[in-house]
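These notes are about the structure you will find just below.
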Amino acid sequence: MDFDLSEEQRLLQDSARKLVSRHIRPQLDSHDRERPLPKEVVLGILQLFAREGLTAPRVPIEAGGSGMQMVDYGVVFEQLPPVIAHALIAHEVTITRIHAESEEEKWRRHLPDLIAGRKICCTATTEPDTGSDPRGVKTRAREEGDELVIDGRKMWITNASISDVVVVTCSAGNAADGRALRRILVDRAVSPYETREIDRLGSRQGHVGEILFENCRVPRENALGRSDDAPRVLTTTWNGSRPLLGLMAVHMAQRAFDAALAYAGIRRQFGRLIGSTQLVQENLVDMATAIETSRLLCYKALAEIDAGRRANALAAMSKRYATTACLEAVSLAMSVHGAMGFSAELGLEELYRDARMLLVPDGTHEIQTLIVGRELTGIAAFRA
Ligand SMILES: Cc1cc2nc3c(=O)[nH]c(=O)nc-3n(C[C@H](O)[C@H](O)[C@H](O)COP(=O)(O)OP(=O)(O)OC[C@H]3O[C@@H](n4cnc5c(N)ncnc54)[C@H](O)[C@@H]3O)c2cc1C
């Protein structure tokens with residue numbers, strides 16, 4: 001067992017930190033923190049990532065990706081500001097799915113612009129009536145000659161309003177039971193769709209929105225995979241993404257901890273530094289322990305995936321633990337700051353809002369609990 005980063009991982013971590021401080025943080029700071037970033041800013045940042053091989057780490061080199069180890073990707077991902085990490089993971093996992101679900105001719109056509117960051121993509125599964133159980137999707141794709149015609153509405157889709165390509169999970173309208181899932185690549189320039197940003201609690205510089213497909217005509221060859229393998233592809237890619245979302249939580253908790261530690265070292269009450277009181281120290285210890293535990297779980301899950309194991313339980317456990325621990329850590333950092341913890345100037349309130357939202361995407365806290373429960377007992381408790 002080796003808990004140290006390798007020399008190469010240290011370099012990766014260092015160059016990710018520099019990329020953030022020199023190129024990403026200034027962009028975020030120069031735009032309104034309450035409004036979605038302009039699309040060209042997100043494209044510019046994706047292009048920076050593309051140069052470092054970070055837009056397609058799970059795609060092999062022969063297909064234009066960088067074929068990175070997930071642990072190495074995690075080392076980079078942990079350094080990213082949450083709003084950018086959200087946009088990147090939605091883009092990256094969609095690229096991974098397009099590659100996993102299409103034959104060479106298709107990915108050669110669609111992937112280069114996405115991997116280079118010239119276009120932005122997203123995955124649309126969630127709908128107004130369908131969230132945790134994707135098998136209930138109502139968006140329909142019916143076959144008409146050489147085309148698939150999509151009708152339906154998707155909600156809470158990261159990158160929706162700035163997307164050029166969306167991979168949409170549909171119910172195959174011609175399936176006997178009407179429930180077989182099918183995933184279809186929709187190129188907005190060829191098959192236009194409408195989008196609308198959702199006003200929300202956190203991630204306010206990001207893009208999370210609705211997509212409306214009305215008689216959206218897509219070339220038939222844009223169907224991905226087989227109509228029965230969508231759940232498998234969704235599950236294997238979720239397993240890789242969950243520890244990455246956990247590392248987003250680690251990033252936020254670490255920032256909150258760093259602020260609290262610094263404040264505890266300068267703020268005086270009752271004639272002493274608050275950091276010299278046992279209760280403030282306890283808050284700091286609880287935060288540090290939660291961060292360390294979350295980090296270990298997330299990297300262990302990623303290492304399992306690198307070792308070729310399914311890591312279903314560990315991936316769910318890491319996201320479940322790290323996101324909840326992060327929310328608690330940010331809350332404790334607020335406590336250490338007293339009233340200052342709530343000021344917009346300090347930024348902890350923004351972290352708190354962002355952290356709360358992390359509990360939901362890629363499976364809610366409760367769904368992660370049920371996944372781990374199923375892996376431990378062999379009994380699925382999702383359905384009655
Ligand atoms: C920031 C953000 C980004 C997102 N990005 C995307 C995206 O890019 N693409 C996409 O398709 N979706 C995306 N989503 C949507 C997300 O995947 C869904 O919101 C999530 O799967 C939950 O679905 P729901 O909101 O419909 O809640 P529901 O499934 O309706 O659940 C409501 C509540 O019931 C609980 N619950 C449900 N079933 C059970 C059960 N069997 N046992 C116990 N409790 C249960 C849930 O945990 C939750 O507390 C995003 C969401 C957010 C917040």
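Counting starts at 1 for both ligands and their atoms, in listed order.
- If you chain together ILVMFWY residues whose side-chain heavy atoms come under 4.5 Å of each other, Met155 ends up grouped with Trp156, Ile198, Val208.
- Between the side chains of Thr94 and Thr123, at least one donor-acceptor pair of N or O atoms lies under 3.5 Å.
- Residue pairs that meet the ring-ring contact (aromatic ring centres under 6.0 Å, His included) test with at least one member in residues 13-52, sequence neighbours left out, do not exist here.
- Inspection of the Tyr299 and Glu304 side chains reveals no N or O donor paired with an N or O acceptor under 3.5 Å.
- In summary, the side chains of Thr277 and Gln281 do not present any donor paired with an acceptor at a separation below 3.5 Å, with no hydrogens or angles considered.
- Ordered by chain and residue number, the residues placing a heavy atom less than 4.0 Å from ligand 1 are Thr123, Ala124, Thr125, Thr126, Gly131, Ser132, Trp156, Ile157, Thr158, Met357, Val360, Pro361, Asp362, Thr364, Glu366, Ile367, Leu370, Phe382.
- Under the salt bridge (charged side-chain N to carboxylate O under 4.0 Å, His left out) criterion, no residue pair touches residues 356-365, with sequence neighbours excluded.
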